[in-house]
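Keep in mind that what you see is a predicted model, and the values were worked out from it rather than measured. First the proteins, then the strands, lettered A, B, ... as listed; each starts at 1.
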There are 2 protein chains.
Amino acid sequence: MSALAEPNRFQIVELLRDEPYTVGEIADQLRLRQPQVSKHLRVLSEAGLVEVQPIANKRIYKLRQQPFLQLDDWLESFQNVWDERFDRLDEYLEELKGKQKEHGE
Amino acid sequence: MSALAEPNRFQIVELLRDEPYTVGEIADQLRLRQPQVSKHLRVLSEAGLVEVQPIANKRIYKLRQQPFLQLDDWLESFQNVWDERFDRLDEYLEELKGKQKEHGE
DNA sequence: CATTAATATTCCTTGACAAGAATATTCCGT
DNA sequence: ACGGAATATTCTTGTCAAGGAATATTAATG
């Protein structure tokens with residue numbers, strides 16, 4: 001997830017969402033210098049967010065879907081909670097007031 | 001999203017997924033020092049991931065759902081792509097070979 | 001085989017940020 | 001009003017990661 005935290009990398013991912021791109025194409029579209037793009041792609045690649053397909057001396061990068069599905073799963077583990085707990089906060093407040101009362105006696 | 005990149009903050013969020021917690025409780029459960037927890041909560045708060053409810057001299061932190069829904073939306077913008085494009089990579093490769101041919105003539 | 005295009009890697013510098021330690025603030029009970 | 005929790009803030013320091021510039025690598029082409 002820290003791979004997505006960097007703004008330029010985030011942009012790269014959004015760009016690749018549309019279609020696979022070459023390093024040079026990415027650099028052009030995002031107005032970045034080639035070495036930085038290569039470095040960012042390296043990070044994205046090591047994070048498993050992206051995969052490469054070498055063709056001639058070009059390298060085509062595309063998104064992998066696994067990490068996104070994973071993230072989706074993670075988010076679902078929250079969805080459940082919103083529903084289940086209408087607002088557990090109230091419940092918690094009561095609990096606290098109870099504790100205070102006990103302490104007072 | 002960079003707020004979630006920090007491991008301790010990520011842990012805090014996962015902890016708060018279960019129920020709201022006090023700063024001290026978070027510090028205890030995650031074996032962190034209170035000041036760092038406060039600082040992390042500040043970041044999470046400014047990122048809109050978390051909200052506070054002061055009660056006595058305690059402060060109860062809970063998750064806000066908006067940013068999570070937002071993230072979910074963002075992820076959906078990808079889902080569409082996976083389906084639509086069986087593999088646009090092939091298409092792209094063809095395009096490249098075409099270009100090479102043109103260049104050769 | 002020399003050249004050139006496309007990409008990757010290295011080295012260096014700089015800025016951001018997290019932890020630690022100490023201190024400040026706020027609120028309650030007495 | 002005072003003492004003590006609970007929490008926040010400040011300051012400093014060390015680390016890490018991103019950008020820039022230069023260079024290395026790989027592959028195609030004549």
(request) Give, for atom OH of B:Tyr21 and atom CG of B:Leu16, the distance between the pair rounded to the nearest 0.5 Å. (result) 8.5 Å
(request) Write down the distance between CG (B:Asp28) and C1' (D:dT7), rounded to a whole number of angstrom. (result) 13 Å
(request) Could you work out which one of D:dA8, D:dG19, C:dT9 sits closest to the side chain of A:Asn8? (result) D:dG19
(request) May I have the distance from A:Glu6 (atom CD) to C:dG15 (atom C1'), rounded to whole angstrom? (result) 13 Å
(request) Kindly indicate whether the side chain of A:Ile26, heavy atoms from C-beta on, has any atom under 4.5 Å from the side chain of A:Thr22. (result) no
(request) Check whether the side chains of A:Gln29 and A:Glu25 place a donor and an acceptor atom closer than 3.5 Å, and report yes or no. (result) no
(request) Provide, to the nearest angstrom, the distance between the CD1 atom belonging to A:Ile55 and the C1' atom belonging to C:dT7. (result) 15 Å
(request) Find the distance A:Ile60:CD1 to C:dT7:P and express it as a whole number of Å. (result) 9 Å
(message) Just N and O in the side chain of A:Tyr61: are any of them under 4.0 Å from OP1 or OP2 of C:dA8?
(response) yes
(request) In whole angstrom, give the distance that lies between atom CG of A:Leu4 and atom P of D:dA18. (result) 12 Å
(request) Hey, could you give me the CE/CZ distance between B:Met1 and A:Arg9, rounded to the nearest 0.5 Å? (result) 12.5 Å
(message) In the structure I gave you, are the side-chain heavy atoms of B:Asp72 and A:Phe78 within less than 4.5 Å of one another anywhere?
(response) no
(request) Round to the nearest Å and state the distance from B:Leu30 atom CG to C:dA19 atom P. (result) 12 Å
So which protein nitrogen or oxygen atoms get under 3.5 Å of nucleotides 2-6 of chain C's nitrogens or oxygens?
unit_1 : atom_1 : unit_2  : atom_2 : d
C:dA5  : N3     : A:Asn57 : ND2    : 3.3
C:dA6  : O4'    : A:Asn57 : ND2    : 3.4

(message) Short of 4.0 Å, heavy atom to strand atom, which residues of residues 33-41 of chain A count as contacting DNA chain D?
(response) A:Arg33, A:Pro35, A:Gln36, A:Lys39, A:His40
(message) I need the CZ-C1' distance between B:Arg42 and C:dC17, as an integer number of Å.
(response) 14 Å
(message) For a 4.5 angstrom cut-off between non-hydrogen side-chain atoms, does A:Ser45 reach A:Glu51?
(response) no
(request) Send over the distance from B:Leu44 CG to D:dT7 C1', rounded to a whole Å. (result) 16 Å
(message) Could you check whether any side-chain heavy atom of B:Glu14 comes within less than 4.5 Å of a side-chain heavy atom of A:Trp74, counting everything from C-beta outward?
(response) yes
(message) Within the structure provided, determine whether B:Tyr61 and B:Gln53 are in side-chain contact (heavy-atom separation under 4.5 Å).
(response) no
(message) With rounding to the nearest 0.5 angstrom, report the CG to CG distance, B:Leu71 to B:Leu49.
(response) 9.0 Å
